[in-house]
Amino acid sequence: MRITIAGGGIGGLATALSLHAAGLDDIVIHEAAQEIRPLGVGINLLPHAVRELTELGLADRLAEIGVPTAELAYFNRYGQAIWSEPRGLGAGYRWPQYSVHRGRLQLLLLDAVRERLGAHSVRTGSRITGLRHDSDLLVGADGIHSAVRAALFPGEGAPPWNGLMLWRGTTYGEPFLTGRSMIMAGDGTQKFVAYPIGDGRLINWIAERPLDSEPPERGKWNRPANLATVVEHFCDWKFD
């Protein structure tokens with residue numbers, strides 16, 4: 001069976017590795033970008049995701065780039081603790097939970113695909129624009145602006161927006177709490193999330209609140225934010 005995968009992100013690369021593990025090796029990933037670079041900020045891999053990557057033989061590599069999350073702790077906007085609970089192995093799972101840099105995870109998967117399927121298996125600067133392809137199976141893993149999905153459901157329109165704006169970034173700082181803690185502060189209207197990725201000093205953070213206007217153009221993940229806009233919503237938050 002010949003398989004074409006549209007999109008060389010985490011989803012497309014992980015799919016290729018899973019298909020290879022199932023005995024299929026005539027697989028080509030088409031990635032629109034000219035070069036796959038380690039873009040993005042932090043994401044979390046829960047134990048069920050780590051289990052899948054472990055079964056793909058990537059446990060040791062994952063441990064090298066990820067921070068094994070020890071706890072999830074909730075606070076109010078004044079830094080007062082509400083609740084905390086262990087995560088991953090500490091919560092009784094057989095696999096850890098990892099906080100990782102999204103770009104480093106993508107490159108880890110890319111290296112594994114090229115090792116197992118060959119360098120020719122990933123074609124950059126190659127965009128799938130519809131359902132026409134020269135294979136037996138087409139997998140659409142081409143993101144929020146998926147050409148494959150648009151061809152299958154031409155009248156669907158854009159995904160509905162939940163009204164929330166998330167400002168995301170990373171900051172170098174001192175370790176906090178256990179050094180492997182994820183914190184969520186605030187409430188359902190306004191929230192701040194932070195957790196370490198990488199060496200423990202690189203902290204991923206997310207500031208979230210509803211937006212009182214029309215959503216900006218979506219899918220532009222690298223658009224810089226206005227710092228003053230973020231600060232005005234969180235400047236009265238007080239933490240030790």
Using only atom types and a distance under 3.5 Å, with no angle test, would you say the side chain of [X] pairs donor to acceptor with the backbone of [Y]?
| X | Y | answer |
| --- | --- | --- |
| His101 | Gly40 | yes |
| Thr124 | Gln34 | yes |
| Glu35 | Arg37 | no |
| Ser18 | Ala14 | yes |
| Asn76 | Gly79 | yes |

Salt-bridged, [X] to [Y], with N to O below 4.0 Å?
| X | Y | value |
| --- | --- | --- |
| Arg201 | Glu174 | yes |
| Asp236 | Arg77 | yes |
| Arg2 | Asp26 | yes |
| Glu115 | Arg61 | yes |

Spacing of CG belonging to Leu53 relative to CG belonging to Leu58, to within rounding of 0.5 Å: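 Those atoms lie 6.0 Å apart.
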Between [X] and [Y], is any pair of side-chain heavy atoms under 4.5 Å apart?
| X | Y | result |
| --- | --- | --- |
| Ser121 | Val28 | no |
| Val41 | Arg102 | no |
| Leu17 | Arg116 | yes |
| Pro68 | Arg180 | yes |
| Ile82 | Phe75 | no |

Report yes or no: do [X] and [Y] form a side-chain donor-acceptor pair below 3.5 Å?
| X | Y | result |
| --- | --- | --- |
| Asn204 | Thr170 | no |
| Thr178 | Ser181 | yes |
| Thr171 | Trp205 | yes |

Intermediate values then yes/no, salt bridge (Lys or Arg N to Asp or Glu O under 4.0 Å), Glu156 and Arg149: CA-CA 9 Å; Glu156 182 180 46; Arg149 187 176 181 91; 2.7 Å; yes
Aromatic ring pairing Trp167/His233, orientation class (parallel under 30°, perpendicular over 60°, tilted between):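 It falls in the parallel class, under 30°.
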